Amino acid sequence: MKIHRLFALVLCLFAGIVLAQQSRSFTDAARGTTPIPETTKPPVLGNAVNDDVRRARNYAMQPPTIPHRVDGYQIDKNFNKCLDCHARAKIEVSQAIPVSITHYMDRDGHTLPQVSTRRYFCLQCHVPQDAVRPIVNNSFQDVDTVLQQVQAAGKTPKK
Ligand code: HEC
Ligand code: HEC
């Protein structure tokens, strides 16, 4: 009997803690104070950067960001607007950078005559940019910066 009562007490205490935690308001950089079960109202899209200047890549195999607007570009089973300029055969007219050889490879590393289906939806990996303040801070440094810091500190880079 006593054990039962103790068990019930512990259970109540536990439920109390869970309830208290749920009702505590929280703030998240991306969601604001919107509780997790609710959907936030996303901010309206701004004007994507359209300066046509290719940007440095931060690391090997980073998909380059898109330096031009892509609003309304059709990508579906019938037509791929991106390949209308970026396909190997189109670059003479468009002067765009042709998609690299990796875009023609299937997952087994075989090179196909056409862009691989896994590289068909370009915006899965390539994104235009917007001049906004990042909501989550990022302290990433590329390898050149790290090497410069090591050299400035008079140390030799670790092998
Ligand atoms: C009208 C032709 C045209 C279309 C359509 C087009 N692009 Fe481009 N793209 C270019 C040109 C030209 C450049 C070179 C930089 C510039 O002039 O903007 C470029 C640059 C890029 C780059 C930067 C490459 C690098 O090495 O920095 C990416 C990524 C890119 N485009 C992706 C896309 C994607 C994804 C789409 C479709 C949603 C698309 N482009 C549609 C012409 C086009
Ligand atoms: C699964 C991710 C992914 C998809 C989907 C994808 N790309 Fe890429 N793309 C990359 C990566 C990673 C690189 C950089 C390394 C490389 O060249 O493979 C790249 C590089 C590029 C480059 C620069 C090539 C160069 O030689 O500098 C262009 C242009 C480009 N992609 C356009 C496109 C277009 C257009 C599409 C759609 C038809 C597309 N990509 C689909 C990941 C992707």
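Keep in mind that this is a model prediction, so the values were computed, not measured. What's counted below: heavy atoms across the whole structure, side chains too, no hydrogens, waters or symmetry copies. Ligands are counted one by one from 1 in listed order, and the atoms in each one are counted from 1 as well.
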Visitor: With distance as the sole test, does D51 use its side chain to make a donor-acceptor pair with the main-chain N or O of V53 at under 3.5 Å?
Guide: yes
Visitor: Cluster question for you: counting only ILVMFWY and a side-chain heavy-atom cut-off of under 4.5 Å, with indirect links fine, are V70 and F121 together?
Guide: yes
Visitor: Are D84 and K90 ion-paired here, with the side-chain N under 4.0 Å from a carboxylate O?
Guide: yes
Visitor: Quick one: does P98 get a heavy atom under 4.0 Å from ligand 2?
Guide: yes
Visitor: Provide the number and element of each atom of ligand 2 under 4.0 Å from a heavy atom of F121.
Guide: 5 (C)
Visitor: Would you say R57's side chain and M61's backbone share a donor-acceptor pair under 3.5 angstrom?
Guide: no
Visitor: Considering non-hydrogen atoms of the protein only, which is the closest contact for atom 15 (C) of ligand 2, and what is the distance?
Guide: M61 SD, 3.9 Å
Visitor: Do Y104 and V115 have side chains that get closer than 4.5 Å, going by heavy atoms?
Guide: yes
Visitor: Working note: L123 + Y73, criterion side chain to side chain contact (heavy atoms under 4.5 Å, CB included); need CA distance, chi angles, decisive distance, verdict.
Guide: CA-CA 11 Å; L123 296 172; Y73 282 179; over 6 Å; no
Visitor: Please list, in number order, the atoms of ligand 1 under 4.0 Å from a heavy atom of T65.
Guide: 23 (C), 29 (C)
Visitor: For ligand 2, which atoms sit closer than 4.0 Å to a heavy atom of Y120?
Guide: 37 (C), 38 (C)
Visitor: Taking non-hydrogen atoms only, is R57 closer than 4.0 angstrom to ligand 1 via side chain, backbone, both or neither?
Guide: side chain
Visitor: Distance-only, no hydrogens or angles: does the N50 side chain make a donor-acceptor pair with backbone N or O of R69 under 3.5 Å?
Guide: yes
Visitor: Can you find a heavy atom in the side chain of D130 that is under 4.5 Å from one in the side chain of V49?
Guide: no
Visitor: Tell me if the CD atom of E92 is crowded by more than 12 foreign heavy atoms within 6.0 Å.
Guide: no
Visitor: Roughly how far, to the nearest 0.5 Å, is CG of D52 from CD of Q95?
Guide: 12.5 Å
Visitor: Counting only heavy atoms, which portion of R118 has something under 4.0 Å from ligand 2: side chain, backbone, both, or neither?
Guide: backbone
Visitor: Are there more than 12 heavy atoms of other residues, nucleotides or ligands under 6.0 Å from atom CZ of R88?
Guide: no
Visitor: Number the atoms of ligand 1 from 1 as they appear, then name those within less than 4.0 Å of a heavy atom of K81, with their elements.
Guide: 5 (C)
Visitor: Less than 4.5 Å apart, any side-chain heavy atom of E38 and any of T40?
Guide: no
Visitor: For distances below 2.8 Å, what is the count of protein N, O or S atoms around atom 8 (Fe) of ligand 2?
Guide: 2
Visitor: If you measure every N or O of D52 against every N or O of ligand 1, does any of those distances drop under 3.5 Å?
Guide: yes
Visitor: Listing by chain and number, which protein N, O or S atoms are under 2.8 Å from atom 8 (Fe) of ligand 1?
Guide: H68 NE2, H86 NE2
Visitor: So M105 and R119, side chain to side chain contact (heavy atoms under 4.5 Å, CB included) or not? Walk me through it.
Guide: CA-CA 9 Å; M105 288 176 178; R119 292 280 168 118; over 6 Å; no
Visitor: Closer than 3.5 angstrom, by distance alone: can the side chain of D106 be matched with the main-chain N or O of L112 as a donor-acceptor pair?
Guide: no
Visitor: Measure D84 to ligand 1 on non-hydrogen atoms and call it side chain, backbone, both or neither using the 4.0 Å cut-off.
Guide: neither
Visitor: Any side-chain donor paired with an acceptor under 3.5 Å for R55 and T65?
Guide: yes
Visitor: Under 6.0 Å from the CG atom of N137, do we count more than 12 heavy atoms belonging to anything else shown?
Guide: no
Visitor: What part of L83, side chain, backbone, both or neither, has a heavy atom within less than 4.0 angstrom of ligand 2?
Guide: side chain
Visitor: Which one holds for R54 and ligand 2: side chain close, backbone close, both close, or neither close, with close meaning a heavy atom under 4.0 Å?
Guide: side chain
Visitor: Where is the nearest protein heavy atom to atom 14 (C) of ligand 2: which residue, which atom, and how far?
Guide: Q62 O, 3.5 Å
Visitor: Just jot down the ligand 1 atoms closer than 4.0 angstrom to any heavy atom of Y73, in number order.
Guide: 4 (C), 5 (C), 6 (C), 37 (C), 38 (C), 41 (C)
